[in-house]
Amino acid sequence: MAGKPSTQHLFANVLTRVHAVCAAELGAGADLSRVVVEPPKDPSHGDMATNAAMVLAKEAGKKPRDLAEQIAVRLRTDDLIASADVAGPGFINLTLKVSVWADTLRTVLGEGHSYGQSAIGAAEKVNVEYVSANPTGPMHVGHCRGAVFGDALASLLVFAGYDVSREYYINDAGAQVDVLARSAFLRYREALGQSIGDIPEGLYPGDYLKPVGETLVAEYGDKLLTMPEAGWLPAVRAKAIAMMMEAIKGDLAALNIRHDVFFSERSLIETGNNRVARTIDFLRAKGDIYEGSLPPPKGGPIEDYEDREQTLFRATAFGDDVDRPLIKSDGSYTYFASDIAYHRDKFERGFRNLVDVWGADHGGYVKRVEAAIKAVTSGKATLDVKIVQLVKLLRNGEPVKMSKRSGDFVTLREVVDEVGKDAVRFMMLYRKNDAVLDFDLAKVIEQSRENPVFYVQYGHARGHSVFRNAREMIPDLPEEAGARAAFLADAALERLNDPAELDLLRRLALYPRTIEAAASAHEPHRIAFYLYDLASEFHALWTRGRDLPYLRFIINNDAEITKARLALVQGVVSVLASGLAVLGVDAPDEMR
RNA sequence: GCGCUCGUAGCUCAGCUGGAUAGAGCAUCGGACUUCGAAUCCGAGGGUCGGGAGUUCGAAUCUCUCCGAGCGCGCCA
C-alpha cells in the first residue's frame, strides 16, 4: 500500500537507510541490489546485520572491514540505531534503540489485520491455476494438497499486493469425459429399471453416478434409450460434467476453497472461435511448427508403436528435450495443443505472471509447457509451475488401505469430515510443496505440541484466555479485536523490556518480511513455520510467568504493566490470526 | 537410457533465494503443576548437511560429476 508508513516493515525501513548510507559513501551509481538486512542467527550479534560492506568492497576498492567501519560511522547517527559494530569478515551488526520495539507493537495494534500486508505485488495481475481435477468424479484425497496449496498461495499473493485470479481448468474435452458419459448412461438405464449387471471394465463404477442417471430420467424419461450413442452422448456428457463439477465445488467448499474462473477446455474449440486452431496457425506462422516424425520413446517397448509423420511443436527450440505432437492420428488435438491455447488465452487476458499448481505425476510435463509459453508470449510472460508431491495417508503410522477396485478411493470429503478443514489445510502447508508429505489422520487431531495445527490455534486461544481473565481487573477491555487494539495502543509499551518480551516483539517485526519472502518465492509453508515459531515463543513467555510471578501478564497492583502486556498479547493474537487467515485456517478464541 | 524432484540429528522436517558456531518437533535422559488452562514450559546428549570437485571474502544453499530414492517418458488427460 503506497500510502502506508514505511515503518510497517521494519527490515525494509532499515534497508532503505542502509542503502542511503551506501549511496552517500560510494556515489549514487553503486549497485546496491545485493545488499541485504537480515536478522542474525546469533542474537548476540544484535537485532539486524547487513552484508553491505562485503558486497560493495570490491567495487569501492576497499577492504571489507574498512568500508564497514565507514558505513557504520554514518549508521550510528541514525535515529533508529543504537549501535553499529563491525564483526567477522565485514558484517555490520545493528542494535536498534529499545523504543523501536514499542513502536513496532504500536504499528501492529494500529494496522490490525492489515499489518503484514505488502505492496511488492504492485497490483500486478497474477493467474493461479489449481485443482483442475478431471470432472469425472468427486475429489479424492490425492487432490487436496494441490487444492490447499493453490488456495493459500493465492491468498498470500493477495496479501502481498497482487491482483490475483484463481482459476480452475476443466478437462471436459478428452476421451475420459466420453467414458464418463457412457458410465452415466448405464446409470440412466439402471434408473429406468433395467438390469445392468457389473459395470464393464473401463467405465467408472462409482455410485456417485447414480444421481446423474436419475436426473437424466427426470429430464428425458426413456427417450434416450432409442437413440444411437451419437445421439445421446453430447447431452449426457454435458449433464454428467455439470453435476460432477457441482460435486467438486461442494468438496472444495468443505475446505473453504473457491475459484474466480472455471475455464472449459471444450470452449477452446467451439465452432467459430477455435482458439486451438488459431494458436496452431499463430505458431506455424512463426515457424515453430513442422510436420515430421519422432524417434521412438526410450522408456520401454510401446505396444502398437508406429512411426508416422505428425504435426509437431518445435519445443526443443525453447528448452524442451524433444518436439511435441499437437494432432492425434484421428485428427483431434492432443491435450498439449489445447493447453498451449489455454495458456495463450491467459496471456491475452492480460496475465504476465502465471502460476500452475500440479501433482507430482505431471512433473514431466513442465518443460514443454514452459517452452510453449515462451513461444506463445515471446518471452513476455513468466510461468512458475509448482509441483506438489504425493501425500501418504496414514492412521497411527499405518498406511490407510485403499481398495484395488477403482471407484473405491478415499474421498477428500471423508478426510475433511474425519479431521476437520483446519487440520487438513494446515498440515498440507506445513511442508515444502516439493517434499513428500505424511498425513496421519490420528496425529492431526491430537491436542499436543506434536500437532502444529493445535499448537498454533492454542496460542491464539490462550491469548484470548488472558483477555477473559484480565476483565476482572479491567472490565471495559473490549471484546472486538479492533476496539481492543485501540484501547491498548496507548499503554506504556516501553515497559516491555524483559528479554522474552523483546523476543516476541522481534518476532512480530519479522512478519511483514516473512510475508514478502513467502510471496515472492511462492512458498506459503513459510507462513506456517513462522506461526509455529511465534506460538512457541508466546507459550514460553506464558510459562515463564509461572516461575517468575513478576512476568505474568496480569499484575494486580500495577495496571500500567498489565495494560502494556495485554497490548503485547494483542499483538501476538493479531498476527497469529492474520497468518492463519492467509492459510485459510480458523483462529479460535478458545479450544473445546 | 533421458528428464524433473528429493537426499540435513536415531525418526519427521525447517534453514529466511550465498552469510558468522547448521536449527525445531518426536524419541532418549533430567527437571517444573496449591497456575493466568502443565492441552504448556526449561535443560542435556545427539551432525563428515549422500560422496567428490569447482565458483568466492564466505556454500546445506549456486555449477559440474558420481551414489541413492520418488515421479514421468509418441497419437492419456
Side-chain angles (χ1 to χ4, degrees), chain A residues 11 34 36 38-42 45 49 51 54-55 57-58 63-65 87-91 93 132 134 136 171 173-177 265 293-300 302 304-308 310-312 320-332 334-336 338-339 359-367 385 387 389-390 430-432 434-438 446-452 454-455 458-459 461-462 465-466 468-470 510 513-514 516-518 520-521 523 525-526 528-530 532-533 536 539-547 549 552-554 590-591:
Chain A
F11 284 83
R34 292 174 60 215
V36 298
E38 54 191 7
K41 239 176 279 182
D42 184 342
H45 292 146
N51 62 351
M54 292 181 288
V55 174
K58 195 173 276 180
K63 289 182 190 166
R65 285 193 64 107
F91 287 102
N93 292 331
S132 299
N134 285 346
T136 54
N171 300 139
Q176 86 282 355
V177 284
E265 178 185 0
S293 59
L294 290 171
K298 293 279 172 55
I302 305 240
D304 63 359
Y305 173 79
E306 159 199 9
D307 192 14
R308 70 173 188 92
Q310 47 191 346
T311 302
L312 297 171
D320 200 358
D321 309 310
V322 60
D323 293 336
R324 305 290 179 178
L326 300 179
I327 297 178
K328 301 190 233 174
S329 56
D330 68 358
S332 62
T334 60
Y335 179 80
F336 180 51
S338 304
D339 219 10
D361 53 344
H362 287 64
Y365 195 70
V366 175
K367 274 192 180 182
V385 178
I387 297 292
Q389 278 292 340
L390 215 64
Y430 196 63
R431 198 111 306 177
K432 262 184 314 202
D434 47 17
V436 181
L437 183 151
D438 290 345
E446 260 174 37
Q447 300 203 332
S448 75
R449 178 161 199 163
E450 267 192 83
N451 176 5
F454 166 77
Y455 189 74
Y458 179 43
R462 243 185 174 178
S465 165
V466 176
R468 285 190 289 273
N469 286 306
L510 226 37
R513 188 175 187 272
T514 305
E516 289 188 358
S520 50
E523 291 185 346
H525 77 273
R526 296 192 195 190
F529 281 96
Y530 170 84
Y532 186 88
D533 289 342
S536 177
H539 287 310
L541 178 60
W542 172 294
T543 311
R544 283 194 70 202
R546 193 178 39 243
D547 299 331
R552 296 185 174 196
F553 297 120
I554 299 167
E590 53 187 331
M591 307 299 284

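Each chain gets a letter, A, B and so on, in the order the sequences are listed, and its residues count up from 1.
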Exercise. Stacking here means centres under 5.5 Å and planes under 30°; does A:F91 stack on B:G19?
Worked result: no
Problem set entry | Counterpart residues, side chain to side chain donor-acceptor pair (under 3.5 Å), relative to A:N469 (two or more places apart) | none
Exercise. What is the nucleic acid contact for A:Y532, judged by heavy atoms within less than 4.0 Å: base, sugar-phosphate only, or nothing?
Worked result: sugar-phosphate
Exercise. So what does A:S520 hit on the nucleic acid, given a heavy-atom distance under 4.0 Å: a base, only sugar-phosphate, or nothing?
Worked result: base
Output a table of nitrogen or oxygen pairs between the protein and nucleotides 4-8 of chain B separated by less than 3.5 Å.
from: B:U5; atom 1: O2'; to: A:D434; atom 2: O; distance (Å): 3.4
from: B:C6; atom 1: OP1; to: A:D434; atom 2: OD2; distance (Å): 3.3

For this session: Just call it for A:S448: base, sugar-phosphate, or nothing, with non-hydrogen atoms closer than 4.0 Å on any strand.
Result: sugar-phosphate
Exercise. Partners of A:Y458 by ring-ring contact (aromatic ring centres under 6.0 Å, His included), sequence neighbours excluded?
Worked result: A:F454, A:H539
For this session: For A:A57, report the nucleic acid contact type (base, sugar-phosphate, nothing); a contact means any heavy atom under 4.0 Å.
Result: nothing
For this session: Give the nucleotide from the list B:A20, B:C16, B:A14 with an atom nearest to the side chain of A:R431.
Result: B:A14
For this session: For A:D307, report the nucleic acid contact type (base, sugar-phosphate, nothing); a contact means any heavy atom under 4.0 Å.
Result: base
Seminar exercise, completed: Applying side chain to side chain donor-acceptor pair (under 3.5 Å) to A:Y530 and not counting sequence neighbours gives none
For this session: Name the nucleic acid region contacted by A:E446, choosing base, sugar-phosphate or nothing; use a 4.0 angstrom heavy-atom cut-off, strictly under.
Result: nothing
Problem set entry | Set of salt bridge (Lys or Arg N to Asp or Glu O under 4.0 Å) partners for A:D321, sequence neighbours left out | A:K367
For this session: Check side chain to side chain contact (heavy atoms under 4.5 Å, CB included) between A:D438 and all other residues, then give those that pass, not counting sequence neighbours.
Result: A:K392, A:L394
Exercise. Checking all strands, does A:V322 fall into the base, sugar-phosphate, or nothing category for heavy-atom contacts under 4.0 angstrom?
Worked result: nothing
Exercise. Do A:R462 and B:C36 share a donor-acceptor pair, side chain to base, under 3.5 Å?
Worked result: no
Exercise. For B:C42, does OP1 or OP2 lie under 4.0 Å from any side-chain N or O of A:R544?
Worked result: no
For this session: Assign A:Y335 to base, sugar-phosphate, or nothing according to its heavy-atom contacts below 4.0 angstrom with the strands shown.
Result: base
Exercise. Looking at B:G25, B:C13, B:C36, which one has an atom nearest to any side-chain atom of A:R552?
Worked result: B:C36
Exercise. At under 4.0 Å between heavy atoms, what does A:R449 touch on the DNA or RNA strands: base, sugar-phosphate, or nothing?
Worked result: sugar-phosphate
Exercise. Under 4.0 angstrom, heavy atoms only, what part of the nucleic acid is A:Y430 near: base, sugar-phosphate, or nothing?
Worked result: nothing
For this session: Name the nucleic acid region contacted by A:N469, choosing base, sugar-phosphate or nothing; use a 4.0 angstrom heavy-atom cut-off, strictly under.
Result: sugar-phosphate
Exercise. Which nucleotide sits closest to the side chain of A:F454: B:C41, B:A32, B:U40?
Worked result: B:U40
Exercise. Which part of the nucleic acid, if any, lies within contact of A:A49, taking any heavy atom under 4.0 Å across all strands shown: a base, the sugar-phosphate backbone alone, or nothing?
Worked result: base
Exercise. With sequence neighbours left out, what residues match A:R324 under salt bridge (Lys or Arg N to Asp or Glu O under 4.0 Å)?
Worked result: A:D320
For this session: State which residues pass side chain to side chain donor-acceptor pair (under 3.5 Å) with A:Y335; sequence neighbours excluded, sorted by chain then number.
Result: A:N171
Exercise. Which part of the nucleic acid does A:N93 contact within heavy-atom distance under 4.0 Å: base, sugar-phosphate only, or nothing?
Worked result: base
Exercise. If you check the A:A517 side chain, which of B:A32, B:C16, B:C13 turns out closest?
Worked result: B:C16
For this session: Tell me, please, which residues at least two apart from A:D307 pass side chain to side chain donor-acceptor pair (under 3.5 Å).
Result: none
Taking N or O atoms only and anything under 3.5 Å, show me the protein contacts with nucleotides 56-63 of chain B, one pair per line.
from: B:C57; atom 1: OP1; to: A:K58; atom 2: NZ; distance (Å): 3.2

Problem set entry | Results of side chain to side chain contact (heavy atoms under 4.5 Å, CB included) for A:R431 - residues two or more places apart only | A:R145, A:A435, A:L437
Exercise. Considering only side-chain heavy atoms of A:H45, which listed nucleotide, B:A77, B:C13, B:A20, is closest?
Worked result: B:A20
Exercise. Please, what dot-bracket string fits RNA chain B when only Watson-Crick and G-U pairs with both distances under 3.5 Å count, crossing ones use [ ] and pairs to another strand use |?
Worked result: (((((((..((((.....[...)))).(((((.......))))).....(((((..]....))))))))))))....
For this session: Could you tell me whether A:H525 contacts a base, only the sugar-phosphate backbone, or nothing, with contacts defined as non-hydrogen atoms closer than 4.0 Å?
Result: sugar-phosphate
For this session: Look only at the side chain of A:S520 and the backbone of A:E516, and say whether a donor-acceptor pair between them is shorter than 3.5 Å.
Result: yes
